[in-house]
Amino acid sequence: MDNNIKTISNFAKNTEGWLTNKEGRFLYEYAKKCKKGVIVEIGSWKGKSTIWLAGGSLVGNKTPVYAIDPHAGSSEHQTMYGQVWTFDEFKKNIKKAQVGEVINPVVKTSEEAASEWDKPVGFIFIDGAHEYEFVEIDFKSWFPHLIDGGIMAFHDTFGLPEIACKRILGFPGPRRVVEKYLYKSNFFKNIKFIDSITYATKTNKLSRKDKIKNKIAFLVRIIYNYFIGAYLVNFKVGFSYKKIKKCF
Ligand SMILES: C[S@@+](CC[C@H](N)C(=O)[O-])C[C@H]1O[C@@H](n2cnc3c(N)ncnc32)[C@H](O)[C@@H]1O
């Protein structure tokens, strides 16, 4: 089976999910490069991001991909659909894309899986429950398993602060976690973003230069975030100072 990026992109396109093509390509490239430690995904839904990760792994070092999800949906899915069970569709989509060889599904919550985990992790993509407390649990549960030089990536990390803006721009939980635990900690360098994903490299030694770079990256992020926020409020919901003020 040919797992080049175009083939994988076509399978991913036909799988329900929220990942953009650029975000998928990022997952593919980093999974391809990963050779130390395994790949972990928190939140698989119907397999869209899993297909990108597995496709990259298959053309790279065939690094195993652990796809962790209780498959019962997050709170927003349960509100929308009632009772949720995505594991059957997940399996069907993985089979169709023919990438199952490197995938190990783990039907558990992130916290449960982490508590019994015994493998070094080289690349982790976090896209599970989006409430702040859950994203923080994801970070704290998996940070100790991530190797020095390993990559941690979070989905849905942009948006204006506070609940009033959830409606407008998505989820403040992942945004607040990356601001606190990636940009402001002493354990990550090379912090970057692509569409809504923020990712960084774990390091045991953060140099002065890296600290300054993190501060600059944070400034860029704030400007970008607020520009996007202003843009969306302006063009999608109708510009109103009252609406923006509610966000602070
Ligand atoms: C936004 S969806 C993931 C989308 C997927 N990454 C994609 O690109 O298609 C969130 C998923 O997180 C799962 N989830 C919710 N709470 C979780 C938890 N505590 N641990 C792991 N996964 C969780 C849900 O079941 C849901 O399938």
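Residues: numbered from 1 along the sequence shown. Note that ligands are numbered from 1 as they come in the structure, with each ligand's atoms numbered from 1 the same way.
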Cationic tip of Lys215 above Phe218 ring, under 6.0 Å, 45° of axis: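 Verdict for Phe218: no cation-pi partner in Lys215.
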NZ or CZ of Lys202 within 45° of Phe143 ring axis and under 6.0 Å: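 Yes - Lys202 lies over the ring of Phe143, closer than 6.0 Å to its centre and within 45° of its axis.
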Considering all heavy atoms, the nearest Leu206-Phe188 contact: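 In terms of heavy atoms, the two residues are closest at CD1-O, 3.2 Å.
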Check: Trp117 ring centre within less than 6.0 Å of Tyr66 ring centre: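 Yes, the ring of Trp117 comes within the 6.0 Å limit of the ring of Tyr66, centre to centre.
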Salt bridge Glu29-Arg25, side-chain N to carboxylate O under 4.0 Å: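 No, this pair does not count.
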Per-ligand residue contacts, ligand 1, heavy-atom threshold under 4.0 Å: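 Contacting ligand 1 under 4.0 Å are Gly17, Trp18, Ile42, Gly43, Ser44, Trp45, Lys48, Ser49, Ile68, Asp69, Pro70, Ala72, Gly73, Ser74, His77, Thr109, Ser110, Asp127, Gly128, Ala129.
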Where at least one partner belongs to residues 102-123, residue pairs that pass salt bridge (charged side-chain N to carboxylate O under 4.0 Å, His left out), sequence neighbours excluded: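 Every salt bridge (charged side-chain N to carboxylate O under 4.0 Å, His left out) pair that includes a residue of residues 102-123, provided the two are not neighbours, is Lys108-Glu116.
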